[in-house]
Amino acid sequence: MADPDPVVEAVFDAVAATAPTIRDALPGRRVESGAENPSGETVLAGDVYADELLLEALSAVEGVGSFVSEERPEAIDVGGAVGEDGEGAYAVAIDPLDGSSNLRSNNAMGTVVGIYDAPLPATGRDLVAAGYVLYGPITTMVVADGSGVREEVVEREDGSEGLGDGDDAGVTRSVVADDLALPDEPTVYGFGGRVPDWPDAFREYAREVEDELKLRYGGAMVGDVNQVVTYGGVFAYPALVDAPDGKLRLSFEANPIAHVIESMGGASSNGSGSILDVEPEGIHDRVPLYVGNEELVDRLEAALDEE
Ligand code: AFP
C-alpha cells in the first residue's frame, strides 16, 4: 500500500480541524445571508461561515494551489500553480455546507471535499482523494485517499477552544472503521427531486426499487449517501424532466462522492457511465448522480437506456 500523500493528509487534518468550529457556529447561522451562490441558490449564513473558515484553513496547507467552492464563482489561487499529473500543487474543491437547507429543520448536513491533481474544471479521474464530514448526532469524516476508505469520529480535544495553532488544532480523529466496503446485500434507497419531475424511465426504476428496499431520504446528499455507505443500497439525484442535468454539482458533490463509493467497491453513474469520466465545461456544471451497489446502478443504466 502506497505511503500516504502528506498534502492529502494535511488537507484532511485541516478539514477535520474546522469541523467542531463549524458545528458550534450552526445554531447562530440558520438565517439567509441575502446572497445567492453561483448556482443561483439561496446562501445561508452557515454556508458563508463554513466557506470562509475552510478557505482560511486550506490556504495554509503547503501543496494546495487552488480552492474551489460551491459558494464562489471562480477558483481562488491560494499559492501555487496546480500541475497536471501530480506535479505542482493540488486543487481542492469543497461544498462547505452540503444540505444547508436542513439547518432550519435541524437535520443532517456536511462538508464534501475533493482533492484534484489538475486545475478545475477536471474529471473525477483527476481526483487523488475525496471524502466528507457528516454533522449527524456525532461528527464523522469518511476519507478515500488511495489506502482504502475509512470512517473517523472527529471530536474537540477535552477543553480545547477549537481551531488551534500548529499540530494540535484542538480536535481528535479516531478511526472507527477502516477498509470500508459497501454491504453485499442492499437495504436502503434515497431519490431526490419530486416524483412528477422524474422522467418515466427513472420512475419505473424507482417503483421496482421501492418494492425491494427501505426509503431513507433526508435531503442532504452526505447524510443520504452515508446511509448507503452504512447499509448498502442506492442514492440518486436524477435527471429531471425540466432539469436534464439534475441538481448536484460535478466538481464538489458528485465527483468526490463517486470517488468514495467506487473506492469501496460500489458504482457511480450519470445515467450512462461512471461519474468520474464526465468531462465538465465549467466548475459549477451540474450532473445527474446515481451511486451505490453495482447491480442497482447497472439496472438504473439499463432502465434509462430503454428510454
Ligand atoms: P442545500 O445545500 O441547498 O440544502 O441542497 C442540498 C443538496 O444539494 C444535496 O445535498 C441534496 O441531495 C439535494 O440538494 C436535496 O435537494 P432537494 O431539496 O431538491 O431534495
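Counting starts at 1 for both ligands and their atoms, in listed order. When a residue number appears, it is its place in the shown sequence, counting from 1. Owing to the predicted nature of the structure, the values given are computational and were not obtained by experimental measurement.
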Trainee: Step by step, work out the side chain to side chain donor-acceptor pair (under 3.5 Å) result for Asn226 and Tyr132.
Mentor: CA-CA 9 Å; Asn226 207 56; Tyr132 56 87; 2.6 Å; yes

Trainee: Any nitrogen or oxygen of Ser100, main chain or side chain, under 3.5 Å from a nitrogen or oxygen of ligand 1?
Mentor: yes

Trainee: Of all the non-hydrogen atoms in the protein, which one sits nearest to atom 4 (O) of ligand 1, and at what distance?
Mentor: Ser101 OG, 2.5 Å

Trainee: Side chain or backbone, does Asp98 bring an N or O within less than 3.5 Å of an N or O on ligand 1?
Mentor: yes

Trainee: Among all protein heavy atoms, pick the one closest to atom 5 (O) of ligand 1 and tell me residue, atom and distance.
Mentor: Lys247 NZ, 3.6 Å

Trainee: Which atoms of ligand 1 sit under 4.0 Å from any heavy atom of Leu248?
Mentor: 8 (O), 9 (C)

Trainee: For the residue pair Trp198 and Phe191, does the interplanar ring angle fall in the parallel (under 30°), tilted (30 to 60°) or perpendicular (over 60°) class?
Mentor: perpendicular

Trainee: Going by the order shown, which atoms of ligand 1 are within less than 4.0 Å of some heavy atom of Ala220?
Mentor: 10 (O)

Trainee: For atom 2 (O) of ligand 1, which protein heavy atom lies nearest, and how many Å away is it?
Mentor: Gly99 N, 3.0 Å

Trainee: Could you walk me through whether Glu9 and Asp145 pass the side-chain contact (heavy atoms from CB on, under 4.5 Å) check?
Mentor: CA-CA 8 Å; Glu9 287 290 289; Asp145 61 0; 3.7 Å; yes

Trainee: Given Glu253, Met221, Arg286, which one has a non-hydrogen atom that is nearest to atom 8 (O) of ligand 1?
Mentor: Glu253

Trainee: Is the shortest side-chain N to carboxylate O distance from Arg207 to Glu210 below 4.0 Å?
Mentor: yes

Trainee: Say whether Gly192 and ligand 1 are in contact under the criterion: heavy-atom distance to a ligand atom below 4.0 Å.
Mentor: no

Trainee: Dump the intermediate steps for side-chain contact (heavy atoms from CB on, under 4.5 Å) on Val142 and Val222, then the final yes or no.
Mentor: CA-CA 10 Å; Val142 169; Val222 288; over 6 Å; no

Trainee: Between the candidates Tyr217, Tyr237, Phe235, Phe191, which shows the shortest non-hydrogen contact distance to atom 19 (O) of ligand 1?
Mentor: Tyr237

Trainee: Salt-bridged, Arg216 to Asp224, with N to O below 4.0 Å?
Mentor: no

Trainee: State whether the number of non-hydrogen atoms from other residues, nucleotides or ligands found under 6.0 Å of Glu212 atom CD is greater than 12.
Mentor: yes

Trainee: Are Tyr189 and Tyr217 close enough, and set up right, to give a side-chain contact (heavy atoms from CB on, under 4.5 Å), and what steps lead you there?
Mentor: CA-CA 7 Å; Tyr189 75 96; Tyr217 188 78; over 6 Å; no

Trainee: Measure Arg249 to ligand 1 on non-hydrogen atoms and call it side chain, backbone, both or neither using the 4.0 Å cut-off.
Mentor: side chain

